[in-house]
Amino acid sequence: MKAAGKAIGKTGKPPDCERPGCEGCSADGTGFCRVTGQRLAATAESLPTSGTQWRTATDRLFSVAPAGDGLLGLPVVRAPSPEALVVTDPQVPPGGKTCGHEGCTAVVGRAYKNEPALATGYCPQCKHPFDFTPRLAAGDLVGEQYRVVGCLANGGLGWVYLAHDTQLENRPVALKGLIHTGDPDALELAGKERRYLTRFDHPDIVRIINYVTHPDRGTGDDTARTGYIVMEFVGGMQLSQVKGRMARREGPFGEPRVLEYVLAYGCRILGALGYLHRQNLVYCDLKPNNVMHYGDRVKLIDLGAVRRLGDPDGALLGARGFTAPEVVRDRAAGLSPRADLFSMGMTLRALSDEAPAEARPTGLGGESYERAIARAVTEDPLGRYASAHDMAEQLRGVLREIRSLRTGREHPEPSALFEPTAALLDASLGRVPPLERWLTGGPRPVLDRGLPAPGQVPLVLPVPYPDPHDPAEPLLRQPTASGPRRLIQQLYAFGERSAEIPLRQCRAHLELAELEEAAERLAAARAVVGALARYDWRLSWHQGLLSLAHGEPAAAEAAFDRVYADLPGESAPKLALGYCAEHRGDTEAAERCYQAVWQRNRSQGSAAFGLARLRLAAGERRAAVELLDGVPAVSRHRDAARTACVRVLAGRLCDGPEGLPGPAELTEALARLPELHLDEGHAAGPARDRLEAELLDVALERLRTPGRPGSPDGAALTGADGAPLTETAVRTRLEQQLRGLAQQARTPDGLGTLVDLANRVRPLTRV
């Protein structure tokens, strides 16, 4: 903001109310007396307050086309000519603005008691004058090169102007005032400090073309000049205008995927912030007004608040509600890249708060979004994302999750934090039953849905990649053939201080079921991390593994939930939470977690098996098969899923006739059996024999169940060749299989048991 030359008396003090004896100079930044409601003396100059009306009229000049189908796709904003966006009647921002003088956060220039807001006045907090009147007029030639057309918008430091570059074919540019001073040395210093902005080269940051000065005639001081940065003109809508369209449900911004657009904004803006942070710069003033949506892209359009880290000088700008609490409290000392991330989170929250109710994500997507924003805006800077890159990674993960849950199409992407695992969150469903299934005696068993015991789970969950900043990362990235015992010993030889070494040893001890030793190595890793331990998701993840190994799924769930809060875009914590919910019988929570993983990446066989178990628990045999059939051929869990399909189709879901499969399911299971990749691809072998024996055993029970389909007085059961399967044919084949299984027995008792079973099912012969 510029100094209000007309509003300051010779004493330099704020004016008093005209009412005798009234000390009404404190007027809450409105320019009106708090006591009488009258305009303060010497501040009677005012401008219209129809800024909202002007913005609404400007909005109508833009057209918006639908977005493409890309993950980061945005609606296409088409702008009118630059001249059409010029403000014909410059107006005071209706809600006022932050003072900003030497860090003052008071709001000045608000309308008051139905009276129009004033263009000039005094801050009620710091008493510094404010002035919203434009400093440039149409026709002014700034820097002997840029011909002013008019005002475009009012920013944190004053008006932004449209001008034509007279030396470059009248190309449109934007001018933004930076500093007003009568000190030429100070002005030159400001110019030097700001010329580094011209070196920026990022597609999502407005390009700074030049830095020029121009006399400030509003002060009455002939020596006073104002510095202006000359920027490329960006024809588009500010995100604050997009926010309005979301609230009005207009066009693409009223679609179900509007929250996906918000996440796309975040990912693109974070790329620009990361570019600044790598140059030791912070943006400082991120808010919807300072981001432009043009075409199908975005740009940071206001660099007036950018400053170098560690620089204590200069005005500190930031919008109320978007500035990190440590910056409000400590000023320049509180600046850091994480302060920008706080502003990023508040910007996304401001946009998503306007999203229509019908656009709220389904399933776990909404919670993942809220957690992603919550981490960015936490008051503790160390609790936020470590970098713009880290935040963008999580936002992209949440975006993929929300998109896949909405469309039913997967949107996979390899995780940068967890390595893929060949292990499967399944205890038995995807495996051929062992020989012991026929040796235990008693009634025929019900199909085991395959929920692993807690102690089995730590070895099948995804494994974190080593931290790239850890000194042991190159060593731990190398493949090793050492078993867990030898690996533990080898890692003790690493000489540098590392948190990843004890974490890897912790997992090795878990493989050996040495829980006390695993806990000791986790404590060693915690000691290395030190004071930052409570912010380290790796420690929470390993604590969850250790709790599962101890048979404490409730404690594990709390640890994995902390990981989910830190990494809302990752699948691994959701898979772990899905298991914990399933173990405690919360099928609704387990469904949400497993679906979030499965819909995003169908190669995640563990999620498919988890969902299949939930379907089987509800008696939905066909739904379980459809899920398992969805595991793609490229997945390392494909063979287990196909085996599980056969077992589900032919399995007893509960005791009694109602738990038996129908003839269609049994026929399909027998047809699928030859297609399974068993016994290392051989056409015959012990695994295939055991699985066929299980199917035939259920088929025989179905045929012998009176009044049921597939029984002698019901519908016929057919084989893979389409021919009806009689009880005699099934008995004959089952007898052969059981005698073959007897050859797999390792004890005389086992051999005898299987021979007895074969004799028991042998078909009766006529004499």
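In this text, all values refer to a predicted model and were calculated from it rather than measured experimentally.
Under 4.0 Å is where a charged nitrogen must lie from a carboxylate oxygen, and between Asp390 and Arg375 no such pair does. The pair Arg485-Glu514 meets the salt-bridge criterion, since a charged nitrogen lies less than 4.0 angstrom from a carboxylate oxygen. The existence of a salt bridge linking Arg592 and Glu588 is confirmed by a sub-4.0 Å separation between a basic side-chain nitrogen and an acidic carboxylate oxygen. A salt bridge links Glu367 with Arg371: at least one charged nitrogen is closer than 4.0 Å to a carboxylate oxygen. The pair Glu675-Arg672 does not meet the salt-bridge criterion, since no charged nitrogen lies less than 4.0 angstrom from a carboxylate oxygen. Using a cut-off of 4.0 Å between Lys/Arg side-chain N and Asp/Glu carboxylate O, Arg477 and Glu473 are scored as salt-bridged. We find that Glu370 and Arg360 are joined by a salt bridge, their nearest charged nitrogen and carboxylate oxygen being less than 4.0 Å apart.
With rounding to the nearest 0.5 Å, the separation of OG in Ser387 from CG in Asp340 is 12.5 Å. Distance check, rounded to the nearest 0.5 Å: CD of Glu500 to CG of Leu491 gives 11.0 Å. In this structure, OG on Ser336 lies 11.5 Å from CZ on Phe342, to the nearest 0.5 angstrom. Atom CD of Glu557 is separated from atom CG of Leu577 by 6.0 Å, given to the nearest 0.5 angstrom. In this structure, SG in Cys284 is found 6.0 Å from CZ in Arg307, a value given to the nearest 0.5 Å. Taking CD from Gln490 and CD from Gln505, the interatomic distance works out to 11.0 Å, rounded to the nearest 0.5 Å.
Under a 3.5 Å cut-off, the side chain of Arg268 and the backbone N or O of Leu72 do form a donor-acceptor pair. Checking side-chain atoms of Asp204 against main-chain N and O of Ile269 turns up no donor-acceptor pair under 3.5 Å. A donor-acceptor contact shorter than 3.5 Å links the side chain of Arg621 to the backbone of Val648. Checking side-chain atoms of Arg613 against main-chain N and O of Arg449 turns up no donor-acceptor pair under 3.5 Å. Side chain of Arg431 to main chain of Asp426: a donor-acceptor pair is present (N/O by atom type, distance under 3.5 Å, no hydrogens or angles). A donor-acceptor pair is defined here as one N or O able to donate and one able to accept, closer than 3.5 Å; no such pair exists between the side chain of Asp629 and the backbone of Cys645. Using a distance-only test at 3.5 Å, with no hydrogens or angles considered, a donor-acceptor pair links the side chain of Arg384 to the main chain of Thr378. Not a single donor-acceptor pair under 3.5 Å links the side chain of Ser498 to the backbone N or O of Pro471. At distances below 3.5 Å, at least one donor-acceptor pair connects side-chain atoms of Arg638 with backbone N or O atoms of Val631. Arg338 places no side-chain N or O within 3.5 Å of a backbone atom of Ala324 that could act as its donor or acceptor partner.
Minimum interatomic distance between Ala589 and Asp586 (heavy atoms only, all atoms of both residues): N-OD1, 3.1 Å. In plain terms, the two heavy atoms of Pro458 and Ala549 that are nearest each other are CG-N, 3.9 Å. The shortest non-hydrogen separation linking His637 to Thr421 is NE2-O, 3.7 Å. Among all heavy-atom pairs drawn from Val457 and Tyr579, the shortest one is CG2-CZ, 3.4 Å. When all heavy atoms are compared, the tightest approach of Phe560 to Cys580 is CD1-SG, 4.1 Å. Shortest non-hydrogen contact noted between Pro464 and His542 is CG-CE1, 4.2 Å.
At a threshold of 4.5 Å between non-hydrogen side-chain atoms, the residues Leu417 and Tyr465 do not count as touching. Annotation: side chain of Val291 is in contact with side chain of Leu300 (closest heavy-atom distance under 4.5 Å). With a 4.5 Å cut-off on side-chain heavy atoms, Arg690 and Gln744 count as touching. Here the side chains of Leu522 and Leu539 are in contact, with some heavy-atom distance below 4.5 Å. No side-chain heavy atom of Pro420 sits less than 4.5 Å from a side-chain heavy atom of Pro414. Looking at heavy atoms from C-beta onward, Val258 lies out of side-chain contact with Leu351 at the 4.5 angstrom threshold. Using a 4.5 Å cut-off on side-chain heavy atoms (C-beta onward), Leu425 and Tyr594 make contact. Here the side chains of Glu517 and Glu520 are not in contact, with every heavy-atom distance at 4.5 Å or above.
A side-chain contact (heavy atoms from CB on, under 4.5 Å) with Val398 is found for one member of Leu263, Leu259, Ile373, Leu364 and no other, namely Leu263. Here the options are Leu476, Ile501, Leu503, the test is side-chain contact (heavy atoms from CB on, under 4.5 Å), and the partner is Pro466; only Leu476 passes. Just one of Glu410, Glu413, His411, Glu260 meets the side chain to side chain donor-acceptor pair (under 3.5 Å) condition when paired with Arg400; it is Glu413.
Annotation: cation-pi geometry satisfied between Arg602 and Trp598 (NZ/CZ under 6.0 angstrom from ring centroid, within 45° of ring axis).
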Query raised in the report: So Val460 and Leu424, side chain to side chain contact (heavy atoms under 4.5 Å, CB included) or not? Walk me through it.
Result: CA-CA 6 Å; Val460 301; Leu424 185 63; over 6 Å; no
Requested in this report: Evaluate side chain to side chain contact (heavy atoms under 4.5 Å, CB included) for Leu286 paired with Phe322, printing each intermediate quantity in order.
Outcome: CA-CA 7 Å; Leu286 184 63; Phe322 293 90; over 6 Å; no
Requested in this report: Begin with the C-alpha distance, continue with both residues' side-chain angles, and end with the deciding distance and a verdict on side chain to side chain contact (heavy atoms under 4.5 Å, CB included) for Arg403 and Asp69.
Outcome: CA-CA 10 Å; Arg403 175 75 63 88; Asp69 199 38; 4.2 Å; yes
Query raised in the report: Given Leu74 and Tyr265, is the side chain to side chain contact (heavy atoms under 4.5 Å, CB included) satisfied, shown in steps?
Result: CA-CA 8 Å; Leu74 291 171; Tyr265 287 139; 3.8 Å; yes
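Arg562 and Gln543 share no donor-acceptor pair across their side chains, judged by distance under 3.5 Å alone. Side-chain contact check for Ser571 and Gln604: no donor-acceptor pair (N or O, by modelled atom type) lies under 3.5 Å. Side-chain atoms of Tyr564 and Ser368 include a donor-acceptor pair closer than 3.5 Å.
For the salt bridge (charged side-chain N to carboxylate O under 4.0 Å, His left out) test, no residue two or more places apart in sequence or in another chain qualifies with Asp470. Every side chain to side chain contact (heavy atoms under 4.5 Å, CB included) that Ala518 has, sequence neighbours left out, goes to Cys506, His509, Leu510, Leu546.
Using cut-offs of 30° and 60° for the angle between ring planes, the Phe418 and Trp537 rings count as tilted.
Within a 6.0 Å sphere centred on NE2 of His389, heavy atoms belonging to other residues, nucleotides or ligands number 12 at most.
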